[in-house]
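Each chain gets a letter, A, B and so on, in the order the sequences are listed, and its residues count up from 1.
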Amino acid sequence: MTDAAKPKPATDWGRITRDGLWGNNVILAQALALCPTLAVTSTATNGLGMGLATTAVLVLSNLLVSLLRGVITPEVRIPVYIVLIATLVTLVDLGLNAYAHELHKVLGLFIALIVVNCAILGRAESFASKNPAAASALDGLAIGLGFTLVLVVLGGVREVIGSGTLFAGAAQLLGPSFGFLELHLIPDYRGFLLAILPPGGFLALGFLLAGKRLIDARAAANRRRQASAEPVLS
Amino acid sequence: MGEYLLLILGTALVNNVLLVKFLGLCSFMGVSNKIDSALGMGLATTFVLTMATLAGWLLDHWLLEPLQIGYLRILTFILVIAAVVTFTEMVIRKVSPALYQVLGIYLPLITTNCAVLGIALLTSQEGQGLFQSVVYGFGSALGFTLVMVLFAGLRERLALAQVPAAFAGLPIAFIVAGLLSLGFMGFAGLA
Amino acid sequence: MSTAVQASLPRGILYQALLLGGFTLLAAALLAVADRVTREPIALRHAEDLNASLSQVMPSEIHDNDLAADPLTLTDAAGAPVLVYRALRAGQVTGVAYQVIGNGYAGEITLILALDAQGQVLGTRVLAHKETPGLGDKIEAAKNDWILAFKGRSLGDPPAERWGVKKDGGTFDQFSGATITPRAVVRAIKGGLEFFAANQTELLAPPR
Amino acid sequence: MKLFNIRGGVHPEDRKHLAADQAIEDLPLAPLLHVPLQQHIGNAATPAVRRGQQVAKGELLGIGQGPISAPVHAPTSGRVMGIGSFPAHHVSGLSVRTITLQPDGKDQWLEGIEGVPDPFALDPDEIAARVAAAGIVGMGGATFPSAVKLNLRKKYRLHTLVINGAECEPYLTCDDRLMREHTAQVLDGARIMAHALGVTQIIIAIENNKPQAQAAMTGAAADSPAVRVAGLPMRYPMGSEKHLVQTLTGRETPARGLTADIGVVVHNPATAFAVHQALRLGWPLVSRLVTVSGGAITRPRNLRVPLGTPVQHLIDYCGGFREEPTRLISGGPMMGNPLPGTRVPIVKGSNGVLALTAEEVNAQAAAPCIRCANCVAACPCGLLPLQMAAHARAGDLDGTVRLGLMDCIGCGSCSYVCPAHIPLVQFFNYAKGEMAARGRAKQKQAETKRLIEQRTARIEAIQQAKREAMAARKRESAGKPPAQTPADRRAEA
Amino acid sequence: MYSDTPIAGPYAHERTSVSRIMVLVVLALLPATLFSLWQFGWPAIFLFLITVGTCLVAEAACLRAAEKPLRPSLLDGSALLTGWLLAMSLPPWAPWWIGVLGGLIAIVVAKQVFGGIGQNLFNPAMVARVALLISFPAELTRYVAPAPLFSPQAPGFGEGLAITFGLDGPDMVTGATLLGQVRTELGQGHPLPDILPGIYQPWSDAVGTLAGSMGETSALLLLLGGLFLLSQRVITWHIPVATIATLALAATLMNLYDPGHYPDALYHLVGGATLLAAFFIATDPVTSPISPRGQLIFGAGLGVLIYSIRTWAAYPEGVAFAIILMNTCTPLIDHYVRPRVYGRDRKGAPIEYADDADAEVTR
Amino acid sequence: MIIAIGSIALLGLTLGGLLGLASRYLRVEGNPLTDKVAALLPGSQCGQCGYPGCGPAAEAIASGTAAVTICVPGGRAVVEELASLLGQAVNLAGVAEQAPTVAHINENLCIGCCKCFKRCPSDAIMGANNMIHSVFADACIGCGKCFEVCPTECIEMRPVAATLQTWFWPNPAQLSA
Ligand SMILES: Cc1cc2nc3c(=O)[nH]c(=O)nc-3n(C[C@H](O)[C@H](O)[C@H](O)COP(=O)(O)O)c2cc1C
Ligand SMILES: Cc1cc2nc3c(=O)[nH]c(=O)nc-3n(C[C@H](O)[C@H](O)[C@H](O)COP(=O)(O)O)c2cc1C
Ligand SMILES: Cc1cc2nc3c(=O)[nH]c(=O)nc-3n(C[C@H](O)[C@H](O)[C@H](O)COP(=O)(O)O)c2cc1C
Ligand SMILES: Cc1cc2nc3c(=O)[nH]c(=O)nc-3n(C[C@H](O)[C@H](O)[C@H](O)CO)c2cc1C
Ligand code: SF4
Ligand code: SF4
Ligand code: SF4
Ligand code: SF4
Ligand code: FES
C-alpha cells in the first residue's frame, strides 16, 4: 500500500454507524447479500440467527483485513480475502453445528454461503482495506447489525402474515432464555402461506424497500421544512 | 438420457436456482437491466458453474474424502472457483477477444455469485456421480440464464412503465421477481 | 530493458504464491484445530438428532440400549438398503425402527416406522415431505393427530383389503380435499409392515 | 390493372361530400397579399424587389438560393408595400420573411410571358429549368422543388410516372375537382413531365371514391396506350407515394430511399397542372386550388386562390364560421397542421383549410396505453408506435430511433385508431425534431472542437515564437553563439 | 382554438376508447356469467359481487393514495373486468374473504404498484388466483356440483349468505373439478377408460353442468362471447387460435401415444378454463405480445404450458400458471419478434432488389 | 492431518502462483475507455464540470469517479451517449435541459478591451483592440466565459431563438405533466 492510498481519517463513528444501519444498508441501499436475506427469513428467529452469524463474520473479516492491509498485494487480494472469509465462515459453521445445532439445521447451506455473501467481500474491499482496524470493526458491526435488522423485520413480517406467529422457535434455536420472544399473535389463524413461500420473500422485500423510500422521503421533506422554517425562528 | 433430461428440467424449472433456491440473487438484481447483458451474464455463469461442479466433484472425491478433510470443503471450493473464474477470463481473452468483449466484464462478478459455490456444495452434499453432478450444475445454470433473461425483458419494459416513485427501480423489480417466482411454482411436481 | 521485467516477474509471482499459499496454510491449520475441537460435539448432536426422532416412535420402556448404536442393514424387495435401528432389552430385540417412503402429492414422504417384535406399530412419524401446507401437511404430528391412528395397527388389523383410506373402502380417514397424501402414507406404512413380515427372522435375531 | 396489397392503414370517414360537388371558383383578390419567401423545402428565396416597387403579375419577387430552393412570383399586379417579418403558415406561430403586396386590382400579367409551342421538342434539362424558374414545388403537401425531382433521371433508371390522385385525406377535394374540370391540362402536364423524366409509362392513380375524376381521366387518356388510370381501393394513407407505388407495382421502396430507386416518380395532379401552365403558357406558380371545408364552415368550397391571400379572406368568402371551430387546420385532418391564426397567408403547399367541430375532431384526454396493438395493426410501415412513443416519453430517443422512428412517415394512422387517444404522432414529431436538433448540435460541437484546436495551435505557435524571440534576445545580450542543433551535436561527438 | 401549445394531428379519430373496449369484453362475458350465476346460486352471486366490489374499492383507494384523478381510471372498466375475471376463476362457493383478498392482490400487488392500467406486467386476475391457490389450497380446490338457482337442492338466500360468510351453513357437498378428479384417479394408477365414463360427457361439459369455477362451466357460451369479441375486433384471432390449436395438437398426439393415460383433445378444450383463457385472459392486451407473430408464439407457448402443467405437474389445472409464465415471456417476445419495417428486410437492412441492375444507373 | 494441511497449502500455493501469473499477463494498460469518453465530450474545456478541462473530466468519468452527468454544456445528449457507452442507467430527469444560449455584445457599451476575445475558447468573437467586438453566433458555444470577463457588462447570454428550420413539436409527455 503506497502512501497515496493511506486511509483518510474518516473515523466518524456516528456516521459509520448510521450508514451501516440505515443509509448505506447492505440490503435496502446496496441490494447485496440478497440470497440469505430471502432464503432464511421465513421466521424472524431464523433471520436473527443468520444476521448474528453474518455479523460475527463481518466484524472479524473487516478486522483481519484491516490489520493485514499492509501485507497483501493487490494481485492476490481477492483470493486472500476469500480464504480469510472462508476460514471464518467454516469456523462459524463448525461452531454452530456443535453448539447451536437447531439453528445450524435451519440455516443449512446458507452458512457456507456467507463466504460468497457479496457484502462481506464488498466491505473488505471498500472499507476495511482502506481504514484502521477499529473503524473497520465498527463498520463491520454496523453493517452486520443493519443486515440483521432487515432480516429480522423481513422475517417478522413474513412470519406474522404467513403463520400468525412471531419469533416462533426462538427458545429452541437461541436458547431457553429467548422464550419470551415467542408470540402467537392470532390464535386461530389460517396462515397466508404466500408470505413464507419463495414469492412472498420477494414481494415482502419489495414492499420493505418501498417503505424505506417513503420513510426517507418523509424525513427529507421534514428536513426541508425545518430548514425553511429556521430563519423565521432565529 | 431421459433421466438426465428430467434432471435438467428439474434443476432449471422446478427448483430454479434463483427463484426457488435463492442463490445468485445479487447478480440477478444487478445485471438484469438489459436483455443483452443478462444473456452475457447467464452464459458466463453457465460456463463457470458447469466447470465448478466438475472441479468440486473432483476435489471432493480425490482430495477431501481420501484425506477426510470435509471441513476444508468451503475453503478449497472457493479457492478453486476463484481460480476457475480467473483462468476462464484469461483463456477467453487469449483465444477469442470477441467473446471476451461479450462476457469479459461479467466474469469477475461471478466469483462472488453464491450460486456457483452453492450449487457446487449442494451437488457434493447430494453425493451424485460425476456426470450427474455436471448435469446438475449445467441445468441449474440454464435455469439461471433463463430467468435472468426473462427478468431482464420484464425490467426493460418496467423502465418504460409509469411506476409510482416509491416503487420505481428496485422495489418493483423485487415485486416482479416475486410474481415471476409465483409463476414458476406452477412447475412444481413436473420432474 | 526487457531483462528487468523478466527479472521482476518470477519474484512477484513467487511472492503472490507464497502469500496465498501461506494464508491457505494458516487457514487450513486453524480449521484443522477447530475441526478437532468440534468433531465430538457435532457427532454428539447428530446422534441426538437421530435419537430424538427414534424416541418419538420407540417408547423408552421397551429398550435399555442406545437405539442409534449398531444399526442393521437389510435390503428391501426392490433391492434398496434399509437401515434398521433395533430396540434391545436384555439382549433381546423388542422393537425395530426404519424409514419408509411414500409417494405423496408433491413428492416423496419420508416416515420413520417403529414396530414391536410382534409386528405391531409402536409409532410412526413423518420426517420429511413436500406436501402442500394446509392440505397435505396434516400428516405431521405437530399439526394433526391423524398420524397417531396407526399406533397398535398391524398387518392383520385391519385386514389387508381395509388397509386404505375410507374413500377407497379402507379404515383410515382422509383429509377433505386431499386424499392423495394420506393414501400415500397408508400405503407406505403397509409396505413397511410387509417388509417386517418378509424379514422377520433377520430383524429379530439378537445382535452378536 | 392488377393492384397489390399494402399493410395497415385505416378507413377514416371521408366527408368529401361537403365540398366534392362545389365547382372551382376564383377567389376575389384580397386587399393585401403576404407572399412568404419560403414556401418550400430548402433554402429561402431572397427578395428581388424593393419596397414601393410596382410589380406585374408573375414578376419575380424572390430569387431561389441554391439547388434546393424555389423562386416566388407576384400573384397579381400591384405595389410592394414592404419586406419584413410576418406570421408564417406554420404551426409554430413563428414569423418568416414575407413580401407584402397591395394589389392594384388590374391583375395584369408581366409583359412578354409566353409558353413553348411544343414542349416535347425541348430538351429534358430545359423543361426542368423552366419548371424551376416557374417556382413549382410539389403541391401534394411536401413542397419539394419539382424540378429537382424531374432531374432524377440523371441518377436513376426510371420507367414510370405516377400521378398521385389518391387524395386519401378526408374532406379534401381540390385534386378531385382539378382532375374533373381541367382533365386535359393535367394530362398534358403529366405528359410533359414524363417527357422530362424520359419515361413512357404514366399511371394516373385515383381512389375509388372519385368515380367522376376516374371517368374523366379515363376518357381523356383513351387514345394513348402509355397512360393508364388505376382505381385505388379506399384506404388511408394510399396517397403516400411509397405505399401508392407498392399498390401499383408490388414493390416496396427501400428504406431511406426514393421511389426512384424502383424506377418510379410520383407527382400530384396539381403539380402536373402547374407544369402544364408553366410550359404551355409560361405562367409561374402564383395561385393554387384550396378546399375550404369542415363542419364549422358555412359553405364549403373549392377555390382558386392567389398565393399570399390571408386565410381569413377564404373563410369570409365561404360565409364564415357556422359555429366556433374546435380546430382550424391547414391540409387534411390526418396529416394537416393547426394554423396559428387566420391572418396567415395561403402558400404553395396549402391544399385545404378546414374548420372542424368538436364532434368531428373527437378529441379526448390521453389515457395510458393498454397495448391493444391497434396502432401496430394500423401502421402502414410495420412500426411499433406504442413502443416508439413509450421510449420517447421515457426520454430514450435512441431507443425510438432503433425502433424505426426515421421510417415513420407521420401518417397518423396510429393515433387515429388509438383507443387511449395517445398523441402518438406528436411524440414522433417531437422525437424527430429533437433528433434533428441533436444532429445540429453535434455538427456544431464538431465545428467548435475544430475551432478550439485551431486556437490552441495558434496560441501555442505564438507562444513558441515568443519563447524563441526571448531566447534569441537573451543570446544576443549574452553574445553567445546560437544554440546547437542536434545535428551539430552529433557532428561534434 | 389557437392554443399556445400545439397539439399534433390527426384531428379526426375513430369512435373508440378504452372504456368502450372494456364494456365490449364485459358484454361478451355476460351470457356465460349469468348462466354460471344461475347454476351456482346465491353463494356465487355474493362472491361475485364481493370480488368485483373489492377490486373497485381497492382501485379507488390506490388512485387516491397515488393522488391520481379517480374518474377516468375507475370508469374505464378495467378494474371491473379484473374483478369479474377473478370471480369467474374462483370456486363459486368460496368464502367471502377469498374474494376480498383476491381482489386486493389483483389490484394492489399486480396492478397499482406498477402504476395502474397498462403498466402491469402480469395479468392481475391470474396473479390473484395463483396467489390464492398456493396460499389456501383447501379453499381453492373445494368445488360444488351445480344446483341451479331456485331448484330444490339449491341453497336459498339465507343459506347462501351463510355459505359465503362462513356462518353455520349447511355442510357442503364438496367435490373436485373434472380435471382434478381425473388427475387424482390417474395418480392412483387407474386407466382413463375406467375413469372418464362416469364423470365426463363432452356435451354436458360444453354446456356447463359440471363442478368447477364459474369460468370453467359453459364452454359454449364462452366460445360465443369469444366470437363476439373477434367480430367486434376487440381481439384478433391469433392468440385464441394458437392456444387452442397447440393444446389440441399436444392432446391428440399424447392421446394417440397412450389413450389409457392421456385424454383426447376435446376433453382438454371443454374441460377446465381453456376457452375462458384463450378468448378472455390470454388476450388481455396489456400482458400479451403486440405483433401478430408474437401473439402466435404466445398462444402456442400457452397451449404447451397448459398441457404440460395439467398432465405432468402437481396441479390439475395449469391455465393460471401458464398465463403468468407466458406474461413473463411477453417482453422477450416483443423484443425479438417485430413486424418487418416497410422497406427493410427482417434484419432491418434496407431492401435490395436483385434485379435492380437495370433500375439503377451506373454511379 | 499434516498431509491434509500440507496439500491444501500446496493448492493455495499453486493457485496463488497462477493467479499472480495471470494478473501479470492480464494487466490492462491505461483505461481505453478514457479516449472514447473524451471523444464524446464537447471539448470546450470550459471547466463547468469542476475538472480543469475535458481531458481530466474524461478520465474521471471513465474511471467511475465522476458521474456521467457532470458536463453541463453537453446536455442530455452527451449524458445519454456516455451512459450507453459505460452501460449505466441514468435518471435523466435530473439533467436539466439547458436552453442553449449565445453571447450577444451590446455595441453601445463595448470599449474594445479585447478581454472577451482572449477568453473565447472557440474564436467566436471578432474584433481588435479598441474596436467594437461582435459575436459570430454560429461558432459561439454559449460557455459564458466572455460574459464573466467583460468589464462593462455589455455581453448578454441570449437564448437561441427558434426558426422555422429549428422549431419542433414540444414533448407531449412534458405537456401533460
Ligand atoms: C394447489 C393444490 C395442492 C394440493 N395439495 C394436495 C396435497 O398436499 N395432498 C393431497 O392429497 N392432495 C392435494 N391436492 C390435490 C387435490 O386436492 C385433489 O383433488 C385431492 O387430493 C383429491 O382428493 P379428494 O378425492 O378428497 O377430493 C392439491 C391440489 C391443488 C390444486
Ligand atoms: C400519409 C401520406 C399521405 C399522402 N397523401 C397524398 C395524397 O393524397 N395526394 C398527393 O398528391 N400526395 C400525397 N402525399 C404526398 C406524396 O407522398 C408525395 O409526396 C406526392 O404525391 C408527390 O407529389 P408532388 O411532389 O407533386 O407533391 C401523401 C404523403 C403521405 C406521407
Ligand atoms: C377464429 C378465427 C380463426 C382464424 N384462423 C385463421 C388461420 O388459422 N389462418 C388464417 O390465415 N386465417 C385465419 N382466420 C382469418 C383471419 O381473420 C384472416 O386471415 C386475417 O384477417 C388476416 O389478417 P392478418 O394478416 O392481419 O392476420 C381466422 C379467423 C377467425 C375469426
Ligand atoms: C380482451 C381483454 C381481456 C382482458 N383480460 C383481462 C384479464 O384476464 N385479467 C385482468 O385482470 N384484466 C383483463 N382485462 C382488462 C385490462 O386489460 C386489465 O385490467 C389490465 O391488465 C390492467 O392494467 C382484459 C381486457 C381486454 C380488452
Ligand atoms: S393503439 Fe394506443 S392504446 Fe393501443 S397499443 Fe397503440 S398506443 Fe397503446
Ligand atoms: S404515423 Fe408513423 S408510426 Fe404512426 S402509423 Fe404512420 S408511419 Fe406508422
Ligand atoms: S463541462 Fe464539459 S465541456 Fe466543459 S470542461 Fe467539463 S467536460 Fe469539457
Ligand atoms: S470584453 Fe466587453 S468591452 Fe471588452 S471587447 Fe469584449 S465585449 Fe467589448
Ligand atoms: S448473496 Fe447471493 S449473490 Fe449476493
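The shortest side-chain heavy-atom distance between D:Cys379 and E:Tyr342 does not fall under the 4.5 Å cut-off. The shortest side-chain heavy-atom distance between E:Gln119 and D:Pro368 falls under the 4.5 Å cut-off. When side chains are defined from C-beta on, E:Glu14 does not count as touching D:Val10, because their heavy atoms never get closer than 4.5 Å. For the pair D:Pro338/E:Ile7, no side-chain contact is recorded, criterion being any heavy-atom separation below 4.5 Å from C-beta on. Using a 4.5 Å cut-off on side-chain heavy atoms (C-beta onward), D:Val417 and E:Thr16 make no contact. Within the 4.5 Å cutoff, no side-chain heavy atoms of E:His335 are placed close to those of D:Gln387.
In this structure, chain E has no heavy atom under 4.5 Å from any part of D:Pro170. Neither the backbone nor the side chain of D:Glu169 comes within less than 4.5 Å of any heavy atom in chain E. Proximity to chain E involves both the backbone and the side chain of D:Cys381, based on heavy atoms less than 4.5 angstrom apart. At a 4.5 Å heavy-atom cutoff, E:Arg20 makes no contact with chain D through either its backbone or its side chain. With a 4.5 Å cut-off on non-hydrogen atoms, E:Ile117 touches chain D through its backbone and its side chain both. Neither the backbone nor the side chain of D:Ala363 comes within contact range of chain E; no heavy atoms are under 4.5 Å apart.
No other option in D:Asp407, D:Leu424, D:Asn362, D:Val91 has as many heavy-atom pairs under 4.5 Å with chain E as D:Asn362. The candidate with the highest count of non-hydrogen atom pairs below 4.5 Å against chain E, out of D:Gln364, D:His243, D:Arg15, D:Met335, is D:His243. No other option in E:Pro72, E:Pro350, E:Ser73 has as many heavy-atom pairs under 4.5 Å with chain D as E:Pro350. Interface check for chain E: of the options D:Val376, D:Ile409, D:Leu384, the most heavy-atom pairs under 4.5 Å are formed by D:Leu384. When each of D:Val425, D:Thr253, D:Leu386 is scored by its heavy-atom pairs under 4.5 Å with chain E, the top score falls to D:Thr253. Between chain E and the options D:Arg256, D:Gln246, D:His11, D:Arg7, the largest number of non-hydrogen pairs under 4.5 Å is found for D:Arg7.
Note: E:Tyr11 OH to D:Ile329 CD1 = 5.0 Å, rounded to the nearest 0.5 Å. To the nearest 0.5 angstrom, D:Leu403 atom CG is 5.0 Å from E:Arg338 atom CZ. Here the SG atom belonging to D:Cys372 is positioned 11.5 Å from the CG atom belonging to E:Asp284, to the nearest 0.5 angstrom. A distance of 15.5 Å separates CD in D:Glu360 from NE2 in E:His13, rounded to the nearest 0.5 Å. The OG1 atom of E:Thr236 sits 9.5 Å away from the CG atom of D:Asn374 when rounded to the nearest 0.5 Å.
Heavy-atom minimum distance, E:Ile351 versus D:Pro254: O-CB, 3.4 Å. Nearest approach of E:Ile290 to D:Ala373, heavy atoms of both residues: O-CB, 3.4 Å. For D:Ile370 against E:Pro285, the heavy-atom pair with the smallest separation is O-CB, 3.3 Å.
The neighbour count for D:Glu13 CD, taken as heavy atoms of other residues, nucleotides or ligands under 6.0 Å away, does not exceed 12. The number of heavy-atom neighbours closer than 6.0 Å to CZ of E:Arg71, taken from other residues, nucleotides and ligands shown, is 12 or below.
Side-chain atoms of D:Arg371 come within 3.5 Å of backbone atoms of E:Ser288 as a donor-acceptor pair (strictly under, hydrogens ignored).
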